Amino acid sequence: MSVSSSTGYVPRPRSSPRVLLKRLREIMAEETEPEARLNALVRAIAANMVADVCSIYVRRTDDALELFATEGLNPRAVHETRLNWGEGLVGRVAQDKKPLAVRDAPAHSAFSYKAETGEDPLHAFLGVPIVRSGHVLGVLVVQNRAHRRYSEDETEAAQIVATVLAEIVQAGGLLDEADTESARALLAAPEDAVGTGVSPGIVTGTVALLEPGLREHKVFADSVAAEKERLENAIAGLQKSVDEMIASDAQLSGISRDVLEVYRLFAYDRGWVRRLEEKVLAGLTAETAVEQVQAENRERMRAAPDPYIRERLHDLEDLSRRLIRALNGGEGPPPLPENAVLLADTLGPAELLELDRDRLAGLVLGDGGGTSHAAIVARTLGLPFVSGVPQIVESARTGDTIIVDGDHGEVHLRPPDDLIRTYEQRRELRSARLADYAALRDSPARTLDGVEIDLQMNAGLVLDMPHLRETGASGVGLFRTELQFLIGSTLPTASEQEAHYREILDAAGGKPVVFRTADIGSDKRGGYMLHPAEANPAMGWRGLRLSLDREGLLRTQVRALIAAADGRELRVLLPLVTACREVRAARGVLGKELARRERMGKSLPERVLVGAMIEIPAAAWEAGRIAEEADFLSIGGNDLAQFFFAADRESERVSRRYDPLCSGFLSFVGHAAREAQAAGKPIGYCGEQASDPLMALALLGLGLRSLSVTASAIGPLKAMIRTVDLAALRSWLERAEDGAEGSLRRDMDVYARQSRIVLPDWS
Ligand code: PEP
Ligand code: MG
């Protein structure tokens, strides 16, 4: 049974636009003037859609929409009738960037009467925007005398035609030279956006798109037969790869079996394949066919009342992307130009690590939360990264110049030369500041009143280790071992793990390294990992929970860590601890492995310290008890804040909605710190928030003396700490916490400036 007929959400349009597309292709192939071609197009569309009128309005430089061609309206109105942006039904379609179907246009509140068009007897109206790279280039309109509402299929057909028109306008040949140039200028105009600065730094680079195939291809194929064969081969390849994914019984796989089964259903769905073929037979390239079928599915599935069906849209989107990749002859990520800035809607940490690091210079995402793991990897790699700028991602083309300012969350696409120069100066200024910080490398992070702060660094790759020396960090306070699991295409073997940990310890040159056991699950999965589909993976089977259930994983890792320590001190940190018994169970595994090694007569670590991460409210609340089971505690503020505020750290919409620099969260952290201190165990903070100077001040004010932060934050924080009077800060914070509601950020900033505390300033 086909997916479309079994669920009813991917049905075939009743009136296929195939014939029309074929006709458009013929018209485009004719040697003729643009005006005659436009007239032929509107005639063909009107005939195909059984419309009394078909018109094309083109956006002019002043944003007015000018009638460029019509079948059915008074021809004298061509180049006469103009509607302002948002004016009348046509202007409304352009402004809203979505189709509008109206049964009786003159009765509509937005209707604007244009006498010269002679449209008096027309009632039914359908307008669809002609959009390219997120920009409205014009509006396609069909009208009928009768009172009637155009069906969904008709709207869809008009949208397909509009997509093709947009491509043709851009490619040239539909408008005259000057008008084509102004349409191209619109698409090539500089664009700016402010999103979220996720990873600091400034770069001017060249756009590379994660999925370039979806937007950068020809509309019409040179040979229908060859294109059909290309499509068939790509579909067969796709089906085979989905079958192989299902057949491979790797212990862990990034996509759950349920999802794969849905993929298989889609990949073999005759309705889907037939619709793709139909479009290719009509003369479109396979890529355009995939894009259009996907656009149709998107509309339908987004509107489906059943949430299960809406969810499946992601699967189908993913499958379409895979098909495009197969058409482009590859599975892997795109080759990058020098100094590449990668643009994508979303990106997982494993995908990021797959990219050529020598060429990757920056990252821009349409979506993606601030503390997501891709963000952590980006910081590790020192990549300026801005997220939450969907329009830029939609509009950018391969090869465009782009400036990414991760310090301020700004992105400038196709910037003018003077802006490039301004940013070059900023970059130089920034480098000078970095040099100032570097000069502090060997000075202590000591407050004015003589309190020594332990400033450590977060890491996860061998590449991070040189930063230890460059920044003067006192050690690695958090080494995320799972990154090794995410990079490869298979689970790292015991000896690969051992070699990796040995390399890290060697590179640390005697400074302490806290190895966190693999925090796998949630968004941290390798492509080979089989993981059950969970509604809330961040709260699901991940971290220590998964390690204890799959004891083999934990045992292998602990064994590798003990061997790598080779007589040196070993610090092990357990992620996502919820209950004391989990720490005891993990210690049990560690104890067994130490005993085994002793039996084998091999070197034991000089000493072993076991830490527990405090990143779940239950653990924070009971930090005292957990401290009794552990040698040290480390607060993972990224997860702790996400659970404290019930705000998904991966969600662009909510991840920054609540400021952790507020009295509620601080008093919660303070509670955990006091509990640990009462139990006589050291406690530090390794969440990314500690890299934020004002938050770091608050944490110091709460009594924390050990912070583990992004390497790039060590210098600025050290410079700041050296200007802090800690006793004064503590008493100010106590008073401020008492009276405050909501964020303390403003007050903290005022306090810091009045107290002459040096805050890092990147502007
Ligand atoms: C945290 O949750 O704060 C943390 C340090 O761990 P991760 O970000 O890797 O989940
Ligand atoms: Mg965490």
Side-chain angles (χ1 to χ4, degrees), residues 198-199 348-350 352-353 368-381 385 456-461 464 475-487 513-526 536-547 571-578 582 611-620 623 626 632-651 655-656 658 660-661 665 668-669 672-673 683-692 695-696 699 704 706-711 713:
V198 182
S199 170
L352 177 51
L353 286 167
T371 55
S372 78
H373 290 100
I376 289 167
V377 174
R379 283 186 210 125
T380 289
L381 299 175
F385 174 7
Q456 306 200 47
M457 174 186 111
N458 291 346
L461 299 167
D464 285 316
V476 176
L478 170 68
F479 188 88
R480 292 181 165 99
T481 61
E482 61 274 4
L483 292 185
Q484 189 191 17
F485 290 68
L486 300 179
I487 302 168
V513 178
V514 176
F515 288 100
R516 181 177 69 185
T517 59
D519 182 9
I520 291 172
S522 194
D523 79 324
K524 294 191 254 190
R525 301 187 212 162
N536 294 302
M539 297 195 281
W541 196 47
R542 57 171 281 213
L544 190 57
R545 300 166 182 180
L546 186 146
S547 302
R571 298 187 184 197
V572 177
L573 179 60
L574 306 170
L576 217 83
V577 169
T578 316
E582 292 168 338
M613 284 201 73
I614 300 298
E615 51 183 349
I616 290 187
I626 300 211
F632 65 95
L633 301 184
S634 185
I635 300 174
N638 305 331
D639 276 309
L640 189 61
Q642 106 164 317
F643 298 126
F644 183 83
F645 294 111
D648 187 346
R649 64 192 272 191
E650 298 296 323
S651 159
S655 65
R656 277 173 295 277
Y658 310 101
L661 181 42
F665 188 66
F668 196 52
V669 169
I683 181 163
Y685 197 101
C686 65
E688 299 299 315
Q689 301 101 346
S691 304
D692 162 13
M695 185 68 184
L699 294 172
L704 286 155
S706 171
L707 306 179
S708 189
V709 298
T710 302

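One-based numbering, in listed order, for ligands and for the atoms of each. Quick caveat, the model's predicted, so the values are computed rather than measured.
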Next on the checklist: Let's go through Thr517 and Leu574 carefully: what are the C-alpha distance in whole Å and the side-chain angles of both, what is the deciding distance for side-chain contact (heavy atoms from CB on, under 4.5 Å) to 0.1 Å, and is it a yes or a no?
Outcome noted: CA-CA 6 Å; Thr517 59; Leu574 306 170; 4.0 Å; yes
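- The Mg ion (ligand 2) is closest to atom OE1 of Glu615 (considering only N, O or S atoms).
- Remark: side-chain polar atoms of Ser708 are paired, donor with acceptor, to backbone N or O of Met457 under 3.5 angstrom.
- Thr481 places a side-chain N or O within donor-acceptor distance of the main-chain N or O of Ala518, the cut-off being under 3.5 Å.
- Of the possible donor and acceptor atoms, one in the side chain of Glu615 sits under 3.5 Å from a partner among the backbone N and O of Leu576.
- Atoms of ligand 1 found under 4.0 Å from any heavy atom of Leu478 (numbered from 1 in listed order, with element): 5 (C).
- Residues Phe665 and Met695 meet the side-chain proximity criterion, which asks for heavy atoms closer than 4.5 Å.
- Between Met613 and ligand 1 there is a heavy-atom distance shorter than 4.0 Å.
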Item to check | Audit row: Asp692, Gln689, side-chain hydrogen bond (donor to acceptor under 3.5 Å, both in side chains) steps and yes/no | outcome: CA-CA 5 Å; Asp692 162 13; Gln689 301 101 346; over 6 Å; no
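- Remark: ligand 1 atoms within the under-4.0 Å shell around heavy atoms of Arg649 are 2 (O), 7 (P), 8 (O), 10 (O).
- Although no hydrogens or angles enter the test, the distance criterion places no donor-acceptor pair under 3.5 Å between the side chain of Arg542 and the main chain of Pro537.
- With hydrogens and angles ignored, the 3.5 Å screen pairs a side-chain donor or acceptor of Glu482 with a backbone N or O of Asp519.
- Backbone or side-chain N, O or S atoms of Asp639 reach the Mg ion (ligand 2) at under 2.8 Å.
- For ligand 1, the polar-atom distance check against Glu688 finds no nitrogen or oxygen pair separated by under 3.5 Å.
- The one candidate from Arg480, Arg649, Arg656 that meets the salt bridge (Lys or Arg N to Asp or Glu O under 4.0 Å) condition with Glu688 is Arg480.
- The distance from ligand 1 to the heavy atoms of Glu615 drops below 4.0 Å at these ligand atoms: 1 (C), 2 (O), 4 (C), 6 (O).
- Of all the heavy atoms of Leu640, none lies under 4.0 Å from any atom of ligand 1, so neither backbone nor side chain is involved.
- Between the Arg379 side chain and the Val198 main chain, a donor and an acceptor come within less than 3.5 Å of each other.
- Less than 4.0 angstrom separates some heavy atom of Asp519 from each of these atoms of ligand 1: 10 (O).
- Neither the backbone nor the side chain of Asn458 has a heavy atom within less than 4.0 Å of ligand 1.
- At least one N or O atom of Gly637 sits closer than 3.5 Å to an N or O atom of ligand 1.
- Here is the list of ligand 1 atoms found below 4.0 Å of a heavy atom in Arg516: 4 (C), 6 (O), 7 (P), 9 (O).
- Note on ligand 1: Gln642 sits outside its first shell, no heavy atom being nearer than 4.0 Å.
- Remark: ligand 1 atoms within the under-4.0 Å shell around heavy atoms of Asp639 are 1 (C), 2 (O), 3 (O), 10 (O).
- Using cut-offs of 30° and 60° on the angle between ring planes, the pair Phe645 and Tyr658 is parallel.
- Short contacts between ligand 1 and Arg480, defined as distances under 4.0 Å to a heavy atom of the residue, involve ligand atoms 4 (C), 5 (C), 6 (O), 7 (P), 8 (O), 9 (O).
- No part of Gln689 comes within 4.0 Å of ligand 1, judged by heavy-atom distances.
- Heavy-atom contacts of Gly687 reach the following atoms of ligand 1: 3 (O) (cutoff under 4.0 Å).
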